Every structure is written in structure tokens, then in C-alpha cells.
Amino acid sequence: TSTTTAGYQIQYNRNHYTAQEGRDLAPFVETIAAAANLFSLPVQSIAQRSVWGYFLQQTFGYNEQFFLTLAGRVDGSSAFSEDNQNIFYPKASFSYLLSDYWKGSNLQKTIGTLKLRASYGQAGNLTGIGPYDRFDNFLLSQLTGLPSIVPSRVLANPDVKPEIMTEFEVGADMAFFNNRVGLNVTYYNQDIDDLLLDRQLPPTAGGTSIVTNVGSMNNQGLELMLQVTPVRTKDFSWDLTALWTRNRNEVSGIDGVLFLRGSDGTQSAISGEQFGLFFGRYYARDNNGNLLLTPQGLAQPERGLIIPEANYNPANLPEGALRDRIYNVAGNYFVPVRDANGQPIQGNTELLKVIGDPNPDWFGSFSSNFAYKKLAFRFQFDFFQGADMYNWNRITGNNVGHGKIAEQELKGEVARGYVASIAGGVTGQRIQEEHIEDGSFIKLREVALSYNVGKVGNLFQNVNFTLVGRNLISFDKYEGFDPETNSAGQNDRVRGDDFGNVPIPLSVQFKIGAKF
């Protein structure tokens, strides 16, 4: 068999946003005209972006056993310059139904299906930057009460181009014992080049950051799916499905530390580390790992020297340097230094280190379906293990007096000013390690009970009643509302970030369905 497919696709988005903020509204009026104080100038933005692509795909099949697909696609986006549009992305895939050789034999009862597959392909990130991020964009401001225009602190980069993902994947699909057991195995290796990131700039460059292509990332992962039917009779069936996924990534080609979140966030890209890990200020501790408090009993961040690798010489380290705690990150040695009393020296730099990682060790799900005649029951658990969360609300809550540490301070269990010492302003800047929590969870994602009445009279068929509960229970140690959250939404640069987020809602639904 031979199948040829050609196609063209275009998407056009136009976003129009207008806002005006006012405060101290007059009573009974719900328009901006009722504001006694306009908090800012009117805000308006109009953004347009087109994404297009065309492709040609050819698939060959032989004897319904061998399948080969070759394809090419050209994609472009108006967010990039004409020189960086219309990029060609190839792909190829192959599958081989090996079990066809013993079809009809006794072996088929044991190994009913054995299919081997492999694929290779490339794709571009066409929406990795905003519609006008490559241009110089001007901002509105006020000067002596009059509107003014100021240049953006994000510099233009007309040569920025899409990042390109290249992935190779191999796998197998198997079925055993008259299709009562199924197993799918997939291994993938993914390279992403020319990452689209905001790189910080020194003030002398005329701005604070620039959208650019910097560094690469490699992902390697293994995916397993097991399906089992322990019981299958005329009136009763029982099915089980288990999914398990593990991914490891590593960033390369980035000089120094690239912070991915502003406003004192810690999500970072560092060569040799996983993408998006938390890199920030941490507690000073004694040799036993206990917090090293000031003479006033306050918490304090670790302090010391940051020495470029080219200038590092162990023989020239100052007195009080903690040699057993020196580490090298992104070409710099971080050296904690203590005074004669064993305290961090106040004039020294507050040190940073890797304090957490939002990437899970593994994640997966387990579900089961029971069906007895017209009655069916289903449940699903989701697992997310080994990831950290950055909980902004820990310090925010304590600052306003309703956190655990604030309670301890009010009871006199810790020194007066202890909350302020963590939040910054007493012993230094905010101690970001305090935000880190275990974000692992097991969730009862769904429970469903349904009953199929069948035909009712001559008008209705397949009449069924279903009761469904979703996100019913979360088993976790997280102090916030929900570890399955992210203040940046679907942004893949900032993950595991909880800043007053609305948790995933628990919902219960009752449904009635029929055909007529």
C-alpha cells in the first residue's frame, strides 16, 4: 500500500487588551468614572501573530507487516524575522509487526502481538516568544504628571530564531495470553538546540535582558504502560492499567546562572543541571546541620565569597573559610567564611546554591475498571514523586501573622523578629530555602459509578446514569493548598511555583445520557 498526504495550515491570532485601574469608588456606581483616584494610566495592547506550515507525507505498507513513513514539513511564524521563517523539519518512522510470523500457531496464544517501532523527527518552537519580542518596544510612563514614552529594558534581537527539537524514539507494543496482558515500552532521546530564553544583561548594555537563543537541553526518558484483564466473563470484567514515566534532562552551553523567573524567584538554567531547578539563598548551619542563629537568636543566610574559577586558589583562601562546604557552580566557587565566633561575616556576599528541583523522579497513574452486567465502576490514582515546590506563601503567610513561624514568635518559642530575619530586612535578604517543600503527591483523580438502563420505551436507547468525582483526595506533605499548581500556568520555564494560586477544584458530577 502507498498513501500520500499533503496539507497546508495557517493560524492567525489577534489579542486586544484594555484596562484602567481606579480606587476609592463612589457608592452604587460600577464604572471607572466612579474612581476618586486613578491608579495608573490606561493600558492597551494589540498583538497579532500568524503561524503557518505545509507538509508532504508518504507512507508505505507491505503485507500489513512493514510500515514506513517519510515526511517533511516547513513551518513559519511571524514572531521571527523573514530569514528565520520557513524552516524545514523532516521526520521518519518505521514499524514491524514481528508477531505476524507465528500468526495462527500455538505461540500466538502466548504472544499475540509483538510490534517494534522507531521514529525520528524535528520540530520548531513557533510560539516560544511573543509576537513583537524581537523588536524594540516602548513603554508608557509619566513625567511630571504628563504621559511619556520610555524605551523597554528588554533589548531588541532581530536575529532570534526558533529553537529546534530533534527526537529519536524506539519502542515495542506487546500482548500476551490471548490479549489479557498488554505492555507498551518507549525510550526516547530528545535534543533541543538554540533555547529561547531571556538572558540577563549588565546595565552598561542599555537594558536588563534580551530574548535570545542560548544553550541546549537533552531529555532522555522511559515510558511503560501495562494493561491487564484478570477477569473476563459474560457478565463480569475487570481491567487494570498502570502508567510509569521517568524523564531526565540536562542543560548545556549556558555561561553562569540564567534566572528564569523575575521578582526574586529561583528557577534557573545552569549547565550540567536539570532545567528549572531552584538556585537561591540558603540557611547558615552548624557542623551538625542545625540552623546557625545570630547572638540575638535570629535565622541568617549563609555568607562568604564568590570566586571565579580562573582566580580560585585553595592556598589563598581567607581564614575562616569552610573548606568542606566549598562547591563550584557555573564556573564560580562559593566559599562560606566564618568569623572568630563562628558566625557568617556580615560584610560578605550572601551565597546561593541548588536548593530544590521541580522535576519529578517519576510520575504515573493506576486505574481500574469493573463492569458487572449494566453496572460499571472506575477509579484512577495519579502519582507525582520526587519533585519540589517553591511555596511563596510560607513567608507571605508568616509576614501577616498566620504562619507556623509567626505563631512560634508570638508564643515566644523563637526570638522576636525571627519572621523578619527569614523574610529579609534584619539579617539580610530573603532566605529562599524556607520556600522549598516536598511537592510529591498521590491523588485520587477520579471515581465513577455508572448504570446503563438500556432501552426505555420506544423513544430512548442507551439510557445511562453516571456519578463522577474528580480530584477527591490528595495524599501529600505540602503545606499549601495543592502541590499540583504553577503560578506561571503552562509556562515551561517556571514550574513548581505557588504564589497565591487557586488549587485544582474538587468536583462531583451527575450525568444522564440517552440516545433518541
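Keep in mind that this is a model prediction, so the values were computed, not measured.
Here salt bridge (charged side-chain N to carboxylate O under 4.0 Å, His left out) pairs that include residues 92-108, with residues two or more places apart or in two chains, number zero. Pairs passing the ring-ring contact (aromatic ring centres under 6.0 Å, His included) check and including a residue from residues 449-501, sequence neighbours excluded, read W392-F499, F460-F516. Sorted by first and then second residue, the salt bridge (charged side-chain N to carboxylate O under 4.0 Å, His left out) pairs with a member in residues 105-128 read R117-E169, R117-D173; sequence neighbours excluded.
With sequence neighbours excluded, the residues forming a ring-ring contact (aromatic ring centres under 6.0 Å, His included) with F66 are Y96, listed by chain and number. Here F370 pairs with W238 under the ring-ring contact (aromatic ring centres under 6.0 Å, His included) rule; sequence neighbours left out. Legend: residues meeting ring-ring contact (aromatic ring centres under 6.0 Å, His included) with Y89, ordered by chain and number and at least two apart, are absent. Listed by chain and residue number, R470 satisfy the side-chain hydrogen bond (donor to acceptor under 3.5 Å, both in side chains) test with Q509 (two or more places apart in sequence, or in another chain). Qualifying ring-ring contact (aromatic ring centres under 6.0 Å, His included) partners for F381, counting only residues two or more places apart in sequence or in other chains: F379.
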Show me the donor-acceptor pairs within less than 3.5 Å that the side chains of residues 220-235 make with the rest of the protein, sequence neighbours left out.
{"residue": "Q220", "atom": "OE1", "partner": "Y187", "partner atom": "OH", "Å": "2.9"}
{"residue": "Q220", "atom": "NE2", "partner": "N218", "partner atom": "OD1", "Å": "3.2"}
{"residue": "T229", "atom": "OG1", "partner": "D239", "partner atom": "OD1", "Å": "2.8"}
{"residue": "T233", "atom": "OG1", "partner": "F236", "partner atom": "N", "Å": "3.0"}
{"residue": "T233", "atom": "OG1", "partner": "F236", "partner atom": "O", "Å": "3.0"}

Could you pull out all donor-acceptor pairs under 3.5 Å where a side-chain atom in residues 356-365 meets a protein atom, sequence neighbours excluded?
{"residue": "D357", "atom": "OD1", "partner": "N359", "partner atom": "N", "Å": "2.9"}
{"residue": "D357", "atom": "OD1", "partner": "N359", "partner atom": "ND2", "Å": "2.6"}
{"residue": "D357", "atom": "OD2", "partner": "Q274", "partner atom": "NE2", "Å": "2.9"}
{"residue": "N359", "atom": "OD1", "partner": "R495", "partner atom": "NH2", "Å": "3.3"}
{"residue": "N359", "atom": "ND2", "partner": "F275", "partner atom": "O", "Å": "3.0"}

Residues 193-200 side chain polar contacts: donor-acceptor under 3.5 Å, at least two apart:
{"residue": "D193", "atom": "OD1", "partner": "S216", "partner atom": "OG", "Å": "3.2"}
{"residue": "Q200", "atom": "NE2", "partner": "F259", "partner atom": "O", "Å": "2.9"}

List, one per line, each side-chain donor-acceptor pair under 3.5 Å for residues 401-408, sequence neighbours excluded.
{"residue": "E407", "atom": "OE2", "partner": "K411", "partner atom": "NZ", "Å": "2.9"}

